[in-house]
A.B. asks: 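Before we start, here is the structure in question, set down as structure tokens.
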Protein chains: 2
Amino acid sequence: MSEEINDRSRKILEAIIEDYIASAEPVGSRAVTRRHHLGVSPATVRNVMADLEEMGYLKAPHTSAGRVPTEKGYRFYIDALLQVRHFSELEKERLGWRYRLQGKKTDELLREAGKILSEISHYTGLVLAPRFSSTIFHHIEFIKLSREKTLVVFVSSSGLVQNKIIEVDDSLTQRELEQMTNYLNLTLTGLTIHEVKARILQEMAQEKALYDKLMKKALQYSREALQEEGEEEVFIEGTVHILEHPEFADLEKMKRLFRAFEQKSILVELLDKSQKTQGVQIFIGNESEYQEIEGCSLIASTFSNRRGTIGTLGVIGPTRMPYSTVIPIVDYTAKLLSHILEGDAR
Amino acid sequence: MSEEINDRSRKILEAIIEDYIASAEPVGSRAVTRRHHLGVSPATVRNVMADLEEMGYLKAPHTSAGRVPTEKGYRFYIDALLQVRHFSELEKERLGWRYRLQGKKTDELLREAGKILSEISHYTGLVLAPRFSSTIFHHIEFIKLSREKTLVVFVSSSGLVQNKIIEVDDSLTQRELEQMTNYLNLTLTGLTIHEVKARILQEMAQEKALYDKLMKKALQYSREALQEEGEEEVFIEGTVHILEHPEFADLEKMKRLFRAFEQKSILVELLDKSQKTQGVQIFIGNESEYQEIEGCSLIASTFSNRRGTIGTLGVIGPTRMPYSTVIPIVDYTAKLLSHILEGDAR
DNA sequence: GTTAGCACTCCTCTCTTTCGAGTGCTAACG
DNA sequence: CGTTAGCACTCGAAAGAGAGGAGTGCTAAC
């Protein structure tokens, strides 16, 4: 029953999707012939539309409305029809993002990237920060706060700071704490936090060989401090922007989405997924089986430093999104961020 | 023209406000007589209502609807009528908040307090974190990241960590950095960050007396690192909760509020204001001249450690709020937080 | 001063009607 | 045989028309 998709059908599908993206309203056969001069009559377009509907690329909200793309339709559009325009060097320079991002601390940098994404795209920007456990250990410090409490500060080579309060044997002098610090910094430097954990365990296994009680304690404490390391951090910027779009006039839908923003866990999962693949990835609507973000698309891309992929950033918005403009935004932001994180010698 | 407010008027005003808070719907004269047996007829109530309207405590959305409290009405209700029920010790124990808050790092603690506020009140919880400049200096550390970049980490006595990347003379050895650290820690410990800044300037003024170049540098760097210290931090938790309330069916209103959440600056200003007064404070609707939070009330209270007030927390929601239950929630949370921040020997 | 009675207002809800956009089908056309 | 014009039909959105009802203010009686 299903015809193959010939060139004319493609053109018509493309026209419908683009019109719909622009107007947020079901597209009728007339509109297609008027706005794009394809040299065919509305009747012909109607026939093609019926075919496209049967093939699952379009659907009609009701009998006497125009057609609306389905998720399958968007998918086809993105994979086969869409031509992404990349920024020219000149444009990149003009945007001035580089300027906005330079010279910031890593966490500020990531947040700012999220803001840029959201401002430019008019959707919500997401940045999944590097998991601390995959960053590179650079420094540890024990800072005694009170009799019972000691603050352990880890610094990654990119300048990310993570800290935790633990209880430390009160009898230790500041001098001994320093010795512990020196020992640990010597032993662990240059490893990823992940490797650090492994190394600690390894050293502890050889514990019997360790005649020095202090070192034993050092290992124990650093292990403790790394134990329940902070969960992944997501920066969500520009949640308001998403409200501008007509699809969120539906209160229920909106609430669900904001719930997802608040929980974050769904977003983390989703962004984590795309961490596995390089380059820009697009999740359309229900392809991701999360109810909370039904009717939404996510355009994401990974960013990296010298050692490889370390995080993901992207934009989330309704399925009806101007992909052709948002994709290069995400792409460029990711590349720029990677560039900064590398070139910065971090 | 305006009668004084006699006892009966008060009772009726109270009844109307409470009914309106419960139902979100204009309250008619019948409803008042039915739900509260005041021993008067609807007609009498109508007369009183007309008076109260003239005095500005009530208004009618239209001729044939009941009355709705004005902001002036709420204000009177809160100042003169409301009886706040405080929690008994037993209830406090049962709530188990203490348990949820104990043993956390300061920033986690504040965030968790915000979450509790929002969960219990079903509105949005706000916590204005202590300004870093008013916390007490405990420790400074220079950590070299690369040739050009050095991370400066400040730790406050409460375990708050603030850090900044600065450029440091590359010729300095790690040993010299340590000397700088020791010198600074010795000089500055126990002061508030605010005082620290002053002290740095003071020491720098005596610079000529300082024959040691290293110390001079130390001062210069630490000053640089404290220069543009991070802006105030607000934790906003439970933004979704606020959507449950009927007043936010109005999309425009909602957008405005969320814009305020995103900018934060308005909230900071507002919370900052209430920082000046001890105890629970209530801002009703337009009393605060900020458009963005029109129709909203803020219930806020300060919290403190041994040294005095250090932050503010509160709940924001529509003007129609069950003040009698929310006020003790805010009050108790603030007190509990103060208790933890003090008792914790921080 | 309080209350019952009553006319009046105005919102809300529902039911209809109208309107128009858009369709699918059919028959004619090149 | 694909394409197109014509046309009946469908269905939602918008507008209109009551009906119903809650609530008021006023007046006059208690």
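Numbered from 1 within each chain, the chains take letters A, B, ... in sequence-line order.
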A.B. asks: Whole angstrom is fine here: how far is it from NZ in A:Lys59 over to P in C:dG22?
C.D. replies: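 After rounding, the reported distance stands at 18 Å.
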A.B. asks: Side-chain N or O of A:Arg67 versus OP1/OP2 of C:dG24: is the shortest distance under 4.0 Å?
C.D. replies: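 Checking C:dG24 against A:Arg67, a side-chain N or O does come within under 4.0 Å of OP1 or OP2.
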A.B. asks: Can you name the nearest heavy-atom pair linking A:Gly285 to A:Ser297, along with the distance?
C.D. replies: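 For A:Gly285 versus A:Ser297, the nearest heavy atoms are N-OG, 3.7 Å.
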A.B. asks: Could you check whether A:Ala65 gets within reach of a base, just the sugar-phosphate, or nothing at all, counting any heavy atom under 4.0 Å?
C.D. replies: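 Sugar-phosphate only.
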A.B. asks: Just compare C:dC25, C:dG5, D:dT4 and give me whichever is closest to any side-chain atom of A:Arg46.
C.D. replies: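 Within the option list, the nearest is C:dC25.
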A.B. asks: Please give me the minimum heavy-atom distance between A:Leu271 and A:Ala300, naming the atom from each residue.
C.D. replies: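 In terms of heavy atoms, the two residues are closest at CD2-CB, 4.3 Å.
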A.B. asks: Which atoms form the tightest heavy-atom contact between B:Val84 and B:Ser324, and what is the distance?
C.D. replies: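 Distance-wise, the nearest heavy atoms are CG1-O, 4.4 Å.
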A.B. asks: Are the charged groups of A:Glu237 and A:Arg111 less than 4.0 angstrom apart, N to O?
C.D. replies: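 Yes, charged N to carboxylate O under 4.0 Å.
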A.B. asks: Nearest heavy atom decides the nucleotide; on that basis, is A:Arg34 or B:Val40 closer to the 5' end of DNA chain C?
C.D. replies: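 The residue mapped nearer the 5' terminus is B:Val40.
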A.B. asks: May I ask you to test the B:Leu117-B:Thr124 pair for a side-chain heavy-atom distance under 4.5 Å?
C.D. replies: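 No, side chains not in contact.
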A.B. asks: For B:Ser9 and B:Asn6: C-alpha separation, side-chain torsions, deciding distance, then whether side chain to side chain donor-acceptor pair (under 3.5 Å) applies.
C.D. replies: CA-CA 5 Å; B:Ser9 308; B:Asn6 59 28; 2.7 Å; yes
A.B. asks: Between C:dT23, C:dA4, D:dT4, which one does the side chain of A:Ala43 approach most closely?
C.D. replies: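 Nearest listed nucleotide: D:dT4.
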A.B. asks: Would you tabulate the nitrogen or oxygen pairs shorter than 3.5 Å linking the protein to nucleotides 11-15 of chain D?
C.D. replies:
| residue | atom | partner | partner atom | Å |
| --- | --- | --- | --- | --- |
| D:dC11 | O2 | A:Ser64 | OG | 3.0 |

A.B. asks: Test B:Glu262 against A:Thr239 for side chain to side chain donor-acceptor pair (under 3.5 Å), laying out the working first.
C.D. replies: CA-CA 8 Å; B:Glu262 195 139 295; A:Thr239 48; 2.8 Å; yes
A.B. asks: Hunt down any stem DNA chain D takes part in, defined as 3 or more consecutive Watson-Crick or G-U pairs whose two distances are each under 3.5 Å.
C.D. replies: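 The stems that DNA chain D takes part in, listed by first number, are C:1-30 with D:1-30.
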A.B. asks: Is any side-chain heavy atom of B:Tyr57 closer than 4.5 Å to a side-chain heavy atom of B:Tyr77?
C.D. replies: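 No, side chains not in contact.
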